[in-house]
Amino acid sequence: MTPPPGSLLTAENLYKAYGPTNALDGAGFSIHPGEVVAIMGPSGSGKSTLLHCLAGIVTPDSGTITYDGRVLSSMSDTERSALRRSEFGFVFQFGQLVPELTCVENVALPLRLNGTPRKEAERTALSWMQRLEVDDLRGKRPGEVSGGQGQRVAIARALVTGPRVVFADEPTGALDSLNGERVMELLTEAARSTNAAVVLVTHEARVAAYSDREIVVRDGKSRDMERAV
Amino acid sequence: MSIGHTLLGLLESGPRHGYDLKRAFDEKFGHDRPLHYGQVYSTMSRLLKNGLVEVDGIEAGGGPERKRYAITEAGITDVERWLATPERPELYLQSTLYTKVVLALLTHRDAADLLDTQRSEHLRTMRALTDRKRKGDLADQLICDHALFHLEADLRWLELTAARLDKLREAVAR
Ligand SMILES: Nc1ncnc2c1ncn2[C@@H]1O[C@H](COP(=O)(O)OP(=O)(O)OP(=O)(O)O)[C@@H](O)[C@H]1O
Ligand SMILES: [Mg+2]
């Protein structure tokens, strides 16, 4: 099987078992550059496992994941983590900022890890914080900002390296609806402006409404609703 | 929506011509469904008959839309009473979706598929509303949010029903 033409990231026939649990049972996925795809489905259906496999964080038992023409499983661990650092960005529900660092240091961190000098890294970080309307928080530590503010800082951090894919697992899960929507607006706007693809796990329909299309995961199997009709 | 009460309410700030009333209504409330002149005319003649408005002047060349209407004391009381009376919460107990799910189960068709397809259709509408909200002003945002929350409620019901299909299948088979 070959990935659909023009797709950036594709998964086919993914299986992943945790003991007796089949977290993924033949799931598939594909996303184009600049596309926002929502992964929906009930709790425990395998959404996060699918996202972790796509991002190269979890290795599936079988199945193929292709990113930009390269098969993830044929890469070395070093290559995979380099890919994660430079091409992927991550936003999770919470607990992703380093508490000891200031917000601007947190946002600059991925650039620092890639070897960018501090000054330059923090300058880029600050411009992303401006876009997400949190530059006034630059000197604060994550413990001193609200959940919604922290989530915007996390999005700035996910975008700071200019990733081609942003993985977001329930990015608004801990926010009220007004803040959640603002976060989704900023995330999708920023992603569109850089042509980054967004893989968005959510069980909230109003959050999924910011996507271009959705796939539904149930019992480890995926259903691409666009291709189904 | 009660068009009569809405037009009355618009008249409270001062007399207006029929065409002006239509324009004010469309601008503020008629985003998707502008009023027809015929609706304005029939509504105003009813309000006139009931003494809730009076004709305050007629422009030259006068069709019905050229009449200028003013609200009466009785009209103001009527608006007041309408605003103070809560709307009856809609119950949606006669849900077509529920009927379809039960029928699908009864006839051994794929009910999960039906629910997935419905979710997809709801999401499509929600995307359009979200898009309009993003581009619109505050009025657009509030109107779209109202619709979005209702669609979301449907979707939550769809999820819950999807999770209970096996139980429902047993219940329906009895
Ligand atoms: N590291 C793990 N060890 C053991 N079991 C796991 C692990 N990760 C996931 N599972 C199991 O795999 C299944 C799928 O989990 P997953 O986290 O992907 O679900 P999800 O769809 O993201 O759910 P939620 O909406 O609750 O986040 C679940 O039954 C879960 O218990
Ligand atoms: Mg999860």
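Because the structure is a prediction, the values reported are computed rather than measured. Side chains included, hydrogens not; waters and symmetry mates left out as well; all remaining heavy atoms used.
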One thing to verify: whether B:K133 and A:E181 come together as a salt bridge, which I'm taking to mean a side-chain N less than 4.0 angstrom from a carboxylate O.
yes

Are A:M184 and B:R134 side-chain neighbours, meaning at least one heavy-atom pair lies under 4.5 Å?
no

Could you tell me which residues in residues 148-157 of chain B have at least one non-hydrogen atom under 4.5 Å from a non-hydrogen atom of chain A, sorted by residue number?
B:L148, B:F149, B:E152, B:L155

Please classify the contact of B:D131 with chain A as side chain, backbone, both or neither, using a heavy-atom distance under 4.5 Å.
neither

Is the number of heavy atoms from other residues, nucleotides or ligands under 6.0 Å of A:E144 CD greater than 12?
yes

Select, from A:R218, A:R206, A:E214, the one with the greatest count of heavy-atom pairs under 4.5 Å involving chain B.
A:R206

Is it the side chain or the backbone of B:A128 that comes within 4.5 Å of chain A heavy atoms, both, or neither?
neither

Evaluation steps, side chain to side chain contact (heavy atoms under 4.5 Å, CB included), between B:R124 and A:M225
CA-CA 11 Å; B:R124 209 189 315 278; A:M225 289 316 293; over 6 Å; no

Identify which part of A:S43 has an atom lying under 4.5 Å from any heavy atom of chain B, answering side chain, backbone, both or neither.
neither

Region of A:M40 in contact with chain B, defined by heavy-atom distances below 4.5 Å:
side chain

Heavy-atom count check: over 12 atoms from other residues, nucleotides or ligands less than 6.0 Å from A:D219 CG?
no

Which pair of heavy atoms, one from B:L123 and one from A:A205, lies closest together, and at what distance?
CD2-O, 3.7 Å

Atom CG of A:L178 with >12 non-hydrogen neighbours under 6.0 angstrom
no

